[in-house]
Number of protein chains: 2
Amino acid sequence: MATGRTHRPATRSRGIPEATVARLPLYLRALTALSERSVPTVSSEELAAAAGVNSAKLRKDFSYLGSYGTRGVGYDVEYLVYQISRELGLTQDWPVVIVGIGNLGAALANYGGFASRGFRVAALIDADPAMAGKPVAGIPVQHTDELEKIITDNGVSIGVIATPAGAAQQVCDRLVAAGVTSILNFAPTVLTVPDGVDVRKVDLSIELQILAFHEQRKAGEEAAAHEGAVPAPAGRDDSTDQGPDGDVPAVMPA
Amino acid sequence: MATGRTHRPATRSRGIPEATVARLPLYLRALTALSERSVPTVSSEELAAAAGVNSAKLRKDFSYLGSYGTRGVGYDVEYLVYQISRELGLTQDWPVVIVGIGNLGAALANYGGFASRGFRVAALIDADPAMAGKPVAGIPVQHTDELEKIITDNGVSIGVIATPAGAAQQVCDRLVAAGVTSILNFAPTVLTVPDGVDVRKVDLSIELQILAFHEQRKAGEEAAAHEGAVPAPAGRDDSTDQGPDGDVPAVMPA
DNA sequence: ATGTCTTTGTGAACGCGTGCACAAAGATGG
DNA sequence: CCATCTTTGTGCACGCGTTCACAAAGACAT
């Protein structure tokens, strides 16, 4: 996963496990696709395949919501779409603000997945005065000075931070002070927030590093297998010989 | 978290738990910051605070890598930076390709966090012929026809998919067929890949939906607390009265 | 050299998440 | 109305991850 909650606040809620909540949007997407194809019912097996999960897990997940299936038949697609939407809170409108309209912020503003699930971009905010008034994705960018007013006027409770790392904590503090209680953070920083505020982070660099780890491991195992030797004790990949390990630190720029 | 592995292949590797691997980049970032401030050593307590985790967890994580600390003193910052970098495979160069140069793809190409950790953008690929040759982030966009050649010529093993959902699986198949074994997927789709290929996904819409769930829960609890009543048995939020629940499905567009 | 003090490294307990396997439920056909 | 067949819902066991709590290890002062 590319994300992780910070600290773990009141995670477990009304008996619905966090892991289940994280999968509900996946089910919802698969169900929406079925709904568009006018499929009336679906079995746990089929839906699980579409969502890429185990069918037993899917059934257990749904059991936390209630008994919405019919034995011998499956689940009613439309009904389940509604139930999951309601459980996730998508039957209401969620105004969000995006702070930091750089490349990423602009991409987020243009992202269709936001609007299509009840999320409405209420405002775009940037610290650069030159950006003010300039429309991005059809919405004029506003200056950071307006942040507090925008939050309160629109009743915004969800904020998206797409600023450079250096500005993220400060922006976060202002968002929280103004009333935001959920934050989606794209800046590569650990945000500190008071209790009761949820933070989820999306960190592109971390995702790539995790992939690199597994990639390196795969390369190491393959090399070992090719040489017909026992797996190297620590999985070193000395194919690019840089001398023995544990020598000069390879420090990275930023 | 915004990400989740698909299916769970050979997760556990050389005894390093997946959860630990996912945190190593976090530690690395904190350590790099300390290194830049020329801090020679750091205790597990300090570093844990900087990374936003529990100190016991951090020590246990490090114990999987080896005994790199000194009791009574802490960890040598430079040495630890090197050890984690090596464990993550960041001491070598990882050429990556980004497929789908829309708003998001362009943002990724410009993202500094890639280059700064040993990841090199080897090529940008898009299906739109009009994009071909156009430079994005200083790199000329190439057409999808060149995909296979680019992969093999550059020895690319990591691919980033930033295409629309409809094209993602097809692009994924071609990447895998050409030799890519790790994929970072930004398209809102479940990708199917053969064994031995790792997929991590970043789904902005899912992250927001998870936040909305907790946001709704918070709102519900607060309302219940204000009325001095027992918490509603199922946490319904009927403030926007739409009649009794379980009625008309509120289907979403896309 | 010896004692004290700090901090690591880890054994052990606990809780959550996952997956198996099956009984219960309902549909469907005779 | 009964038998059969499909599919759900869940009890149970297992394994991973987290956290506590403490012994061992080393630095440092005397």
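Chain naming here is simple, since letters A, B, ... match the order of the sequence lines and numbering starts at 1 in each.
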Rounded to whole Å, CD1 of B/I16 lies from P of D/dG17 at a distance of 12 Å

Given D/dT10, D/dT18, C/dG17, identify the nucleotide with an atom nearest to the side chain of A/P17.
C/dG17

Of the nucleotides C/dT8, C/dT10, C/dG19, which has the atom closest to the B/S43 side chain?
C/dT8

Whole-Å distance between D/dG11 C1' and A/Y64 OH?
12 Å

Counting any heavy atom closer than 4.0 Å, what does B/Y75 reach on the DNA or RNA strands: base, sugar-phosphate only, or nothing?
sugar-phosphate

Keeping A/T32 on the side-chain end and A/L28 on the backbone end, is there a donor-acceptor pair under 3.5 Å?
yes

Using a 4.0 Å heavy-atom cut-off to protein, can you give one letter per nucleotide of nucleotides 23-30 of chain D, 5' to 3': B if the base is in contact, S if only the sugar-phosphate is, - if neither?
-BB-S---

Starting from P on C/dT7, measure out to CG on B/L80 and report it in whole angstrom.
16 Å

Donor + acceptor pair across side chains of B/Q209, B/S205 (<3.5 Å):
yes

Do A/L26 and B/K201 make a side-chain contact, defined as non-hydrogen atoms from C-beta onward lying under 4.5 Å apart?
yes

Are the side chains of A/L104 and B/L104 in touch, meaning some heavy atoms are under 4.5 Å apart?
yes

I want to verify a distance call: between D/dA21, C/dC20, C/dT8, whose nearest atom is closest to the B/S44 side chain?
C/dT8

Let me know the distance between CD of A/E46 and C1' of D/dT8, rounded to the nearest Å.
14 Å

Of A/L191, A/I183, A/T181, the residue whose pairing with A/V176 passes side chain to side chain contact (heavy atoms under 4.5 Å, CB included)
A/I183

Is there a donor in the side chain of B/D198 and an acceptor in the side chain of B/S182, or the other way round, less than 3.5 Å apart?
no

Whether B/R59 contacts D/dC20 is assessed here as follows: a side-chain N or O lying under 4.0 Å from the phosphate OP1 or OP2. Is that the case?
no

Rounded to whole angstroms, how far apart are CG on B/L47 and P on C/dT8?
10 Å

Please identify each residue that fulfils ring-ring contact (aromatic ring centres under 6.0 Å, His included) with B/F62, with sequence neighbours left out.
B/Y27, B/Y75

Determine whether a donor-acceptor pair (N or O, by modelled atom type, separation under 3.5 Å) exists between the side chain of B/E45 and the backbone of B/S55.
no

Distance-minimising heavy-atom pair for B/W94 and A/Q216
CH2-N, 3.9 Å

If you check the B/A56 side chain, which of D/dT18, D/dA21, D/dG9 turns out closest?
D/dA21

Round to the nearest Å and state the distance from B/E18 atom CD to C/dT18 atom P.
14 Å

Could you go over nucleotides 12-14 of chain D and give all protein N or O partners under 3.5 Å, atom names and distances?
unit_1	atom_1	unit_2	atom_2	d
D/dC12	N4	A/K60	NZ	3.2

Would you mind reading off the distance between B/D61 atom CG and D/dT18 atom P, rounded to a whole angstrom?
7 Å

Could you state the atom-to-atom distance from NZ of A/K57 to C1' of D/dG11 in whole Å?
19 Å

